[in-house]
Engineer: 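There's a structure below that I have some questions on.
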Amino acid sequence: MTDEDRQYSPLEQTRLEKLKRLQAMDHEPYPPRAERTHTSRAAIAAFEAAEGKEGVEPVRATLAGRIRSTRLMGKLIFAHIEDGEGRVQLFLRSNDVGDQALDLFKKEFDLGDFVQASGEMFRTKTGEVSLKVQSFHMLAKAITPLPAAKDEEIDGEVVRHAALTDPETRYRQRYADLAVNPDVRQIFKTRAAVLRALRQFLDERGFLEVETPILQPLYGGAAARPFITHHNQLHQDLYLRISFELYLKRLLVGGLERVYEIGRDFRNEGVDRTHNPEFTQLEFYMAYADYNDVMALTEQMIAFTAQQVLGATAITYQGQAVELAPPWRRMELKDGILELAGIDLDACPDAASLAAAMKVKGLAADPTAPRGKLIDALLGDVLQPTLIQPTILYNYPRDISPLAKNLPGDPTTVERFEFFIAGMEMGNAFTELNDPLEQEQRFLEMGRAYDAEKDEDYQPMDEDYLRAMRYGMPPNGGFGLGVDRLAMLLANQPNIREVMLFPHLRSREDA
RNA sequence: GGGCGCGUAGCUCAAUGGCAGAGCAGUAGCCUUUUAAGCUAUUGGUUACAGGUUCGAGUCCUGUCGCGCUCACCA
């Protein structure tokens with residue numbers, strides 16, 4: 001869109017006229033630099049520290065922020081500006097700034113503009129620590145008005161009387177959402193604290209943070225359909241990674257004993273309240289550990305993170321009390337299915353008998369699906385919604401776990417677990433398969449069981465990964481965590497989009 | 001992809017098939033301690049888009065687009 005065909009709303013046109021008037025009187029509306037001596041909080045603190053002491057100079061300050069409210073009272077103006085730490089009231093009086101400047105503020109300054117103001121801190125008659133302004137200047141004129149109308153402060157709590165609530169506008173214009181909804185800003189501070197805590201936990205245990213390719217010639221490490229892209233110069237199709245697993249385990253071959261990566265995965269799948277096409281994953285791999293060690297570490301890591309972020313392991317998620325402190329409930333997957341779905345897997349040794357048992361229970365069962373996928377469906381549909389308190393389900397079917405090591409003495413089962421909190425699948429882990437010959441067989445089994453053309457869960461053979469493993473891979477435990485879902489849990493948000501700054505939405509011509 | 005619901009002023013929302021409205025924001029004023037300031041006046045609409053039914057459509061019907069919930073799919 002060019003300048004010529006951009007349509008400004010009447011409100012925007014009004015502000016553009018103000019902008020021109022400011023320029024006409026040499027009041028630069030977008031100066032290159034600001035002068036700020038104090039944040040809002042620091043200025044108030046400095047005043048309160050000096051207040052009432054003998055012989056102390058008044059606190060002089062230059063504050064900067066966005067105008068959030070104005071109260072025009074003839075020869076007097078009260079206004080609140082907001083910065084990253086909070087709000088502070090400006091007090092402008094014609095006696096101090098002059099009639100001309102007061103008029104300038106009244107006529108040309110709007111809610112949403114960034115300004116700086118200089119003066120002395122003082123306390124108003126009603127007791128609010130404020131800045132008695134002597135001079136002020138525009139820092140950035142806002143053309144488009146912010147959506148929020150007004151806030152009221154009651155007993156220190158900011159009450160929003162009208163604000164941006166439409167989810168579509170909030171996600172498409174996250175900048176406006178953040179600008180007017182402080183609680184949204186808080187969600188992303190919480191999310192950052194979650195990431196800090198996870199890194200701290202792993203760093204303290206000798207894990208090395210690494211970065212591996214996002215553009216990959218082959219995808220793997222999870223059961224998901226990939227996004228495909230293309231490198232022009234190399235004339236090569238590339239996949240956006242669906243997991244980090246196969247690259248991180250190559251690093252164990254190289255002698256890095258404990259590695260982790262926090263980054264973005266991309267899965268070309270459905271979107272719902274717990275799925276976004278791109279999402280943040282944490283994976284770690286730990287040499288000489290097995291899935292029992294990883295279970296213990298998982299409990300500690302999640303409890304540590306909650307403690308760091310919220311100061312407690314007892315949390316409330318969407319009205320439900322959840323206790324994250326270890327020990328968590330642990331059940332074998334087949335016991336969970338027996339207890340919660342009433343189906344005895346030992347009595348259903350093949351896909352046909354299991355599908356029949358599921359139909360008896362009134363559950364949909366795809367008659368063409370392999371047994372492992374049926375079990376996975378049972379797990380997701382029946383067990384998962386009931387798993388509110390942290391729960392580890394362990395020992396998974398081999399045919400849906402091609403990278404996990406066999407459970408000794410049971411050729412159909414692998415040493416794998418998933419953990420669930422608040423009805424969400426939070427993560428997945430296993431004793432990693434490190435036998436290159438068996439790994440090759442597993443890839444071949446997957447190739448036979450899943451049609452590459454039709455089945456999204458098909459995982460291609462990765463010859464380079466097998467070559468790496470043939471050099472010798474130490475036994476190890478691996479772990480994956482949906483970081484966004486953990487952020488949902490700890491920020492008490494019902495939808496993954498609430499913890500992603502720019503969640504994916506369908507394109508619109510007008511947005 | 002299926003089902004259900006929603007889309008009206010910058011924001012939040014009204015409007016039995018019968019003149020498209022309110023609060024806040026905006027604009028013009030009054031007001032030297034306000035804080036949702038107050039008071040007076042006032043501007044602002046292709047009712048998402050395209051068709052249809054009707055004397056008359058924001059409202060009913062069809063289609064399209066977008067969003068939400070949900071099912072399917074999917075860690």
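As a basis for the values below, the full set of heavy atoms in this structure was taken, side chains included, without hydrogen atoms, waters or symmetry mates. Here is how names work: the chains are called A, B, and so on, in the same order as the sequence lines, proteins then strands, and each is numbered from 1.
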Engineer: Just how far, in rounded Å, is C1' of B/G26 from NZ of A/Lys141?
Structural biologist: 12 Å
Engineer: Please measure how far the C1' atom in B/C61 lies from the corresponding atom in B/G21, and state the result in whole Å.
Structural biologist: 27 Å
Engineer: Quantified in whole Å, what is the C1' atom distance between nucleotide B/C49 and nucleotide B/A37?
Structural biologist: 43 Å
Engineer: Does some side-chain heavy atom of A/Ile81 sit less than 4.5 Å from a side-chain heavy atom of A/Leu90?
Structural biologist: yes
Engineer: Categorize A/Asp376 for me: base, sugar-phosphate, or nothing, with a 4.0 angstrom heavy-atom threshold over every strand shown.
Structural biologist: base
Engineer: Would you tell me whether A/Thr412 and A/Arg398 have side-chain atoms, one donor and one acceptor, within less than 3.5 Å of each other?
Structural biologist: no
Engineer: Which is more 5' along RNA chain B, the nucleotide nearest A/Asp166 or the one nearest A/Asp272? Just name the residue.
Structural biologist: A/Asp166
Engineer: Could you state the CD1-C1' distance from A/Ile242 to B/C73, rounded to the nearest angstrom?
Structural biologist: 16 Å
Engineer: Using a 4.0 Å heavy-atom cut-off across all strands, classify A/Arg485 as base, sugar-phosphate, or nothing.
Structural biologist: sugar-phosphate
Engineer: I want to check something: taking the side chain as every heavy atom from C-beta on, are A/Phe419 and A/Pro390 in contact at a cut-off of under 4.5 Å?
Structural biologist: no
Engineer: A/Gln384 near the nucleic acid: base, sugar-phosphate alone, or nothing, with a heavy-atom cut-off under 4.0 Å?
Structural biologist: nothing
Engineer: Atom CZ of A/Arg15 and atom C1' of B/U27: how far apart are they, to the nearest Å?
Structural biologist: 13 Å
Engineer: Of the nucleotides B/U34, B/U27, B/C67, which has the atom closest to the A/Thr14 side chain?
Structural biologist: B/U27
Engineer: Mark yes when over 12 heavy atoms from residues, nucleotides or ligands other than A/Lys20 sit less than 6.0 Å from its NZ; otherwise mark no.
Structural biologist: no
Engineer: Is it the case that over 12 heavy atoms from other parts of the model lie below 6.0 angstrom from the NZ atom of A/Lys75?
Structural biologist: no
Engineer: Return the value, rounded to whole Å, for the distance between atom CG of A/Leu164 and atom C1' of B/C11.
Structural biologist: 8 Å
Engineer: Taking the same atom, P, in B/G51 and in B/A36, what whole-Å distance lies between them?
Structural biologist: 48 Å
Engineer: Return no unless some side-chain N or O of A/Arg71 is found under 4.0 Å from OP1 or OP2 of B/A37.
Structural biologist: yes
Engineer: Between the protein and nucleotides 31-33 of chain B, list the N/O to N/O atom pairs that are separated by less than 3.5 angstrom.
Structural biologist:
unit_1	atom_1	unit_2	atom_2	d
B/C31	N3	A/Leu72	O	3.3
B/C31	N3	A/Gly74	N	3.1
B/C31	N4	A/Gly74	N	3.2
B/U32	OP2	A/Lys75	N	3.4
B/U32	N3	A/Asn95	OD1	3.0
B/U32	O4	A/Asn95	OD1	2.6
B/U33	O2	A/Lys125	N	2.9

Engineer: Any side-chain heavy-atom pair from A/Tyr30 and A/Leu139 closer than 4.5 angstrom?
Structural biologist: no
Engineer: Determine the interatomic distance between C1' on B/A20 and the same-named atom on B/C13; round to the nearest Å.
Structural biologist: 14 Å
Engineer: One thing to verify: whether A/Glu82 and A/Arg66 come together as a salt bridge, which I'm taking to mean a side-chain N less than 4.0 angstrom from a carboxylate O.
Structural biologist: no
Engineer: For B/U47 versus B/A15, give the span between their C1' atoms, rounded off to a whole number of Å.
Structural biologist: 11 Å
Engineer: Could you tell me whether A/Arg123 and A/Glu51 make a salt bridge, using a distance below 4.0 angstrom between a side-chain N and a carboxylate O?
Structural biologist: yes
Engineer: Grab the CG-C1' distance between A/Asp103 and B/C30 for me, whole Å please.
Structural biologist: 14 Å
Engineer: Would you write the dot-bracket representation of RNA chain B, where each base gets (, ), [, ], | or . depending on whether it forms a Watson-Crick or G-U pair under 3.5 Å and with which partner?
Structural biologist: (((((((..((((....[..)))).(((((.......))))).....(((((..]....))))))))))))....
Engineer: Indicate whether any N or O donor in one side chain lies under 3.5 Å from an N or O acceptor in the other, for A/Thr39 and A/Glu85.
Structural biologist: yes
Engineer: Out of B/C11, B/C67, B/U34, which has the shortest distance to the side chain of A/Glu128?
Structural biologist: B/U34
Engineer: Using whole Å, what does the distance between atom C1' of nucleotide B/U27 and atom CG of A/Asp110 come to?
Structural biologist: 11 Å
Engineer: On RNA chain B, does the nearest nucleotide to A/Gly270 precede the nearest nucleotide to A/Tyr171 from the 5' side, or the other way round? Give the residue.
Structural biologist: A/Tyr171
Engineer: From C-beta outward on A/Arg506, which listed nucleotide comes closest to its side chain: B/G26, B/C67, B/C74?
Structural biologist: B/C67
Engineer: B/G38 and B/G52: how far apart are their P atoms, nearest whole angstrom?
Structural biologist: 48 Å
Engineer: Starting from P on B/C24, measure out to CZ on A/Arg68 and report it in whole angstrom.
Structural biologist: 18 Å
Engineer: Using the P atom in both, what is the distance from B/U59 to B/U8, to the nearest Å?
Structural biologist: 13 Å
Engineer: Please classify the nucleic acid contact of A/Asn495 as base, sugar-phosphate, or nothing, using heavy-atom distances under 4.0 Å.
Structural biologist: sugar-phosphate
Engineer: For the P atoms, the ones on B/G1 and on B/G10, what distance do you get once it is rounded to whole angstrom?
Structural biologist: 31 Å
Engineer: Can you tell whether the side chains of A/Glu120 and A/Lys132 come within less than 4.0 Å, N to carboxylate O?
Structural biologist: no
Engineer: A/Arg225 has an atom CZ; how far is it from atom P of B/G1, in whole Å?
Structural biologist: 12 Å
Engineer: Closest approach to the side chain of A/Glu168, judged atom by atom: which nucleotide of B/U35, B/C67, B/C74 is it?
Structural biologist: B/C67
Engineer: Measure the shortest side-chain to side-chain distance between A/Lys141 and A/Asp110 over non-hydrogen atoms and say whether it is less than 4.5 angstrom.
Structural biologist: yes
